[in-house]
Amino acid sequence: MSHEWGNYPENFTPKMYWGARAILERGSGHPGKALCLLPDCQSFERLDGCQRDQDAFFDWINTKVLPELRRLASENRFHEWNDLATIQSEDGAFMCQATPKGSYGEYLYIGCWEVDLEK
């Protein structure tokens with residue numbers, strides 16, 4: 001499994017998962033932080049039985065999830081372990097959860113996955 005990065009769900013194995021450990025970087029002259037993704041701190045896996053298209057998954061991440069997480073980071077919303085942001089796609093097919101875990105606002109652990117709509 002290639003889910004070494006991000007916020008992997010604990011109670012099930014998703015059929016499609018993208019995770020990242022992003023840096024929350026303070027910009028000069030700004031009260032909030034910038035969300036910086038690094039290519040070597042991301043992982044993706046797709047298991048047999050995926051119900052959704054990979055392109056739709058990444059389109060949702062790029063157009064909905066990352067802009068919302070950037071907005072929250074710019075408002076300094078990620079400090080404590082339990083500062084959890086949950087984002088779900090409009091059709092309920094995809095879920096994202098992001099948290100700084102124990103990084104004191106230095107990193108954001110992001111996990112996005114396909115929701116099993118058959119359950």
Side-chain angles (χ1 to χ4, degrees):
M1 303 300 256
S2 63
H3 57 262
E4 64 267 19
W5 298 108
N7 189 32
Y8 198 79
E10 296 178 10
N11 54 350
F12 69 98
T13 301
K15 304 252 183 198
M16 188 163 35
Y17 172 81
W18 173 82
R21 184 188 72 191
I23 297 172
L24 293 170
E25 193 172 81
R26 185 167 304 284
S28 62
H30 299 287
K33 293 186 176 182
L35 181 79
C36 303
L37 291 171
L38 302 173
D40 61 343
C41 295
Q42 299 179 42
S43 59
F44 174 71
E45 67 184 4
R46 182 181 173 117
L47 303 178
D48 289 340
C50 282
Q51 299 170 334
R52 296 302 206 151
D53 180 57
Q54 180 176 324
D55 290 338
F57 181 60
F58 281 106
D59 181 61
W60 174 72
I61 291 169
N62 288 318
T63 62
K64 303 295 183 192
V65 172
L66 293 177
E68 177 65 7
L69 293 177
R70 286 187 173 105
R71 183 186 69 76
L72 294 170
S74 73
E75 295 174 357
N76 268 336
R77 300 285 284 282
F78 300 114
H79 290 286
E80 305 298 326
W81 184 283
N82 59 353
D83 289 341
L84 178 69
T86 300
I87 304 166
Q88 190 161 13
S89 62
E90 289 180 20
D91 64 359
F94 305 125
M95 173 74 72
C96 174
Q97 290 189 334
T99 178
K101 294 188 178 177
S103 71
Y104 302 103
E106 297 295 319
Y107 297 105
L108 187 64
Y109 297 85
I110 308 165
C112 299
W113 54 84
E114 177 187 28
V115 174
D116 190 352
L117 296 177
E118 294 178 355
K119 289 186 178 181

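Reckoned from all heavy atoms, side chains included, excluding hydrogens, waters and symmetry mates. Along the sequence shown, residues are numbered consecutively beginning with 1.
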Hydrophobic clusters here meaning ILVMFWY residues chained together by side-chain heavy-atom distances under 4.5 Å, can you tell me if [X] and [Y] are in one?
X	Y	value
Y107	I110	no
I23	W18	no
W60	L37	yes
F44	Y109	no

Measuring from atom [atom1] of [X] to atom [atom2] of [Y], what distance do you get when rounded to the nearest 0.5 angstrom?
X	Y	atom1	atom2	result
C36	R21	SG	CZ	12.5 Å
L66	F58	CG	CZ	10.5 Å
C96	K64	SG	NZ	14.0 Å
K33	H79	NZ	NE2	6.0 Å
K15	E45	NZ	CD	11.5 Å

> Centre of F57's six-membered ring, under 6.0 Å away, within 45 degrees of the axis: is that where NZ or CZ of R52 sits?
Replying inline: no
Which heavy-atom pair separates [X] from [Y] by the least distance, and what is that distance?
X	Y	value
R26	G32	NH1-O, 3.8 Å
F94	Q88	O-CG, 3.2 Å
C50	M16	SG-CB, 3.8 Å
V65	C112	CG1-SG, 4.1 Å
Q42	A20	CG-CB, 3.8 Å
Q51	V115	OE1-O, 3.7 Å

> Within the side chain of Q97, is there an N or O that forms a donor-acceptor pair under 3.5 Å with the backbone of N7?
Replying inline: no
> Within a strict 4.5 Å, meaning less than it, do heavy atoms of the M95 and T86 side chains meet?
Replying inline: yes
> Hey, is CD on E75 packed in by over 12 heavy atoms from elsewhere, all under 6.0 Å?
Replying inline: yes
>> Counting neighbours of NZ on K101 that are heavy atoms of other residues, nucleotides or ligands and sit closer than 6.0 Å, is the number greater than 12?
In response: yes
> Which one of L69, T99, L84 satisfies the side chain to side chain contact (heavy atoms under 4.5 Å, CB included) criterion with F78?
Replying inline: L69
> Which class fits the ring pair Y17 and Y8: parallel under 30°, tilted 30 to 60°, perpendicular over 60°?
Replying inline: perpendicular
